[in-house]
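Quick caveat, the model's predicted, so the values are computed rather than measured.
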Number of protein chains: 2
Amino acid sequence: MPMNKKKLQSEQTKKKLADAARMLFSTKGYKGTSIEDIVAATGSSKGNIYYHFQSKEGLFQYLLEEWDREWIEQWAAKEHQFTTLKEKMYGLAEQMVVNDLNHPLTRATDEFMSSEWERSDVQENAAKFIASHIEFNRKMLQEAMDKGELAEDNVQMLAVVLESLLIGLAETSKRSASGETLELYRKALDVFLDGTVKRL
Amino acid sequence: MPMNKKKLQSEQTKKKLADAARMLFSTKGYKGTSIEDIVAATGSSKGNIYYHFQSKEGLFQYLLEEWDREWIEQWAAKEHQFTTLKEKMYGLAEQMVVNDLNHPLTRATDEFMSSEWERSDVQENAAKFIASHIEFNRKMLQEAMDKGELAEDNVQMLAVVLESLLIGLAETSKRSASGETLELYRKALDVFLDGTVKRL
DNA sequence: ATTTATACTGAACCTTCATTCAGTATTATA
DNA sequence: TATAATACTGAATGAAGGTTCAGTATAAAT
């Protein structure tokens, strides 16, 4: 799209800044990440960050929107590969883990929401992401339930349970060796589907 | 224990400060909570906080230790009531939800760990809490597995899955009506035990 | 080639916030 | 009652961090 050299450079810089910021926010949290941290990580200048983004808050919201956009896009591109709920969930796990686009920001988002509680627009915006995520789960589970894959149950509640599990996994997997992360996700989803009790 | 009026007053004040701090840390995060916030919540003075606690960091670590201590204590007092794993887990849920002593601090702890990454002592101390929590799960699950309640499986991994679920529940339940929290926990633990798929 | 717009720099600014400390009030001790 | 210890206050300090802006370089347009 950008035919001239300048726009191209500019977009690359913006991406570089966004990438660094996402990684920092996800590991150090929202308040824990300073503009100076991003400067140190990118070699760019403070002013340049404010040239590309309105503010720290704006930068974070940009990441949230980008996240949401790319998430939906990527999922749409591969969803048709899967038929059973289990396959879908494994696909979900893979998308979440492999290109860790998803939850790196969940904790920071939550922190962001409670810390920047004052602004109703911020609150509203960020809450939307959480809600849409649960809604995504709800639809997936409802569909499986309609097909008879899942036992009849309170879908909304199961969606929240699944969301909780995924958020928690994102949390704990930051502390474990990344090689085992996908394995952990799969095991967790197995448990979600099949439980842990001994069958007779 | 404190026979004189002054010590008694002092301990009450310290408790008041700790209680307010715990609530603030759990909702606003570690960095998101300022000493000024605690001042506003308690009516106490800045200096008084530093009279009772070494620093903000020290205050947080105090809360972690207190949490760990009370958690173990309370669990020990009621553990014998439960026999099956399901009962134990429901008891766990109740302890976690009703007197929300447990996880209020999990997110803040994680933020604390990654943000205060520099100090190795802090790191070490806080990591211990996470590890001991997983170890607690592991023992409980191992015991149930030995009794034949659970299917043979990778206990360590299940312990991490359970921990993830609990962390995530703590996270999401902050956003939902508190009346439904216990119900959500129970449903989540049901899922952990029995899964969600339709049985033939 | 000159002008204009875009991309970027870094020092200065200002607010927030943790921490300190000199002083005060209250209770315990002698 | 006098002295000492304890519990507290709140203004001052200094560091950290978000934001601004005047200026510079580079590319696009005329």
Side-chain angles (χ1 to χ4, degrees), chain A residues 1-21 24-25 27-63 108 111-112 114-119 122, chain B residues 1-21 24-25 27-63 108 111-112 114-119 122:
Chain A
M1 210 64 46
M3 52 237 302
N4 59 69
K5 192 177 173 184
K6 211 162 191 183
K7 268 224 167 81
L8 184 70
Q9 259 297 349
S10 182
E11 287 189 16
Q12 284 178 349
T13 313
K14 185 167 185 176
K15 178 166 167 25
K16 187 180 67 178
L17 291 172
D19 287 345
L24 287 165
F25 280 137
T27 55
K28 304 185 65 171
Y30 179 69
K31 290 246 179 188
T33 301
S34 67
I35 302 294
E36 191 58 46
D37 286 337
I38 304 175
V39 166
T42 57
S44 182
S45 72
K46 270 189 176 181
N48 198 25
I49 295 172
Y50 282 86
Y51 177 76
H52 287 285
F53 306 96
Q54 302 166 356
S55 59
K56 186 185 178 183
E57 182 184 304
L59 167 52
F60 190 79
Q61 298 223 47
Y62 173 86
L63 291 178
E111 184 204 338
F112 180 70
S114 55
S115 125
E116 230 76 356
W117 186 269
E118 306 86 36
R119 327 180 88 80
V122 169
Chain B
M1 212 64 45
M3 53 237 302
N4 58 69
K5 190 177 175 185
K6 212 162 193 185
K7 268 223 166 84
L8 185 70
Q9 259 297 349
S10 183
E11 286 188 17
Q12 283 178 350
T13 311
K14 186 167 184 175
K15 178 165 167 26
K16 185 179 68 179
L17 291 171
D19 287 345
L24 287 165
F25 280 137
T27 55
K28 304 185 65 171
Y30 180 70
K31 290 244 180 190
T33 301
S34 67
I35 301 294
E36 189 60 41
D37 287 336
I38 304 175
V39 166
T42 56
S44 183
S45 71
K46 272 189 177 181
N48 198 25
I49 294 172
Y50 283 86
Y51 176 77
H52 287 286
F53 305 96
Q54 302 165 357
S55 59
K56 185 183 179 183
E57 183 185 305
L59 167 53
F60 191 79
Q61 297 222 47
Y62 173 85
L63 291 177
E111 183 205 338
F112 180 69
S114 54
S115 123
E116 229 77 357
W117 186 268
E118 306 87 34
R119 327 181 88 79
V122 170

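- In this entry the distance linking CD of Gln9(B) with P of dT27(C) reads 8 Å, nearest Å.
- The distance from atom CG of Asp37(B) to atom P of dT19(C) is 14 Å, rounded to the nearest whole Å.
- In this model, the phosphate group of dG18(D) is approached by a side-chain N or O of Lys56(A) to a distance below 4.0 Å at OP1 or OP2.
- What you find for Ala18(A) and Leu63(A) is that their closest heavy atoms are O-CD2, 3.6 Å.
- Using a 4.5 Å cut-off on side-chain heavy atoms (C-beta onward), Phe25(A) and Glu111(A) make no contact.
- Here dA18(C) presents its C1' atom at 11 Å from CD of Glu36(B), a figure rounded to the nearest Å.
- Phosphate proximity of dC8(D) to Ser45(B): absent, as no side-chain N or O sits under 4.0 Å from OP1 or OP2.
- Taking side-chain N and O atoms only, Asn48(B) has no distance below 4.0 Å to OP1 or OP2 of dA7(D).
- Summarising the geometry, the separation between NZ on Lys7(A) and C1' on dC8(C) is reported as 16 Å, rounded to the nearest angstrom.
- In this view, Lys46(A) and Ile35(A), Glu36(A), Val39(A) satisfy the side chain to side chain contact (heavy atoms under 4.5 Å, CB included) rule, not counting sequence neighbours.
- For the pair Lys56(B) and Tyr30(B), the cation-pi test (distance below 6.0 Å, angle within 45°) is passed.
- When each of Gly47(B) and Lys6(B) is assigned the nucleotide of DNA chain D with its nearest heavy atom, Lys6(B) is the one assigned upstream, toward the 5' end.
- Between Ser44(A) and dC8(C), a side-chain N or O to OP1/OP2 separation shorter than 4.0 Å is absent.
- OP1 or OP2 of dA7(D) sits under 4.0 Å from a side-chain N or O of Tyr51(B).
- Residue Phe60(A) contributes atom CZ, which lies 18 Å from atom P of dG17(D) at whole-angstrom precision.
- Between Gly29(A) and Thr33(A) the shortest heavy-atom distance is O-OG1, 2.8 Å.
- The interatomic distance linking Lys46(B) (NZ) with dC17(C) (C1') rounds to 6 Å, in whole Å.
- Between Lys5(A) and dA27(D) there is a side-chain N or O to OP1 or OP2 distance below 4.0 Å.
- Residue Lys14(B) contributes atom NZ, which lies 10 Å from atom P of dA7(D) at whole-angstrom precision.
- Using a 4.0 Å cut-off, some side-chain N or O of Thr13(A) falls inside it from OP1 or OP2 of dC8(C).
- For the pair His52(A) NE2 and dT19(D) P, the computed distance is 16 Å after rounding to whole Å.
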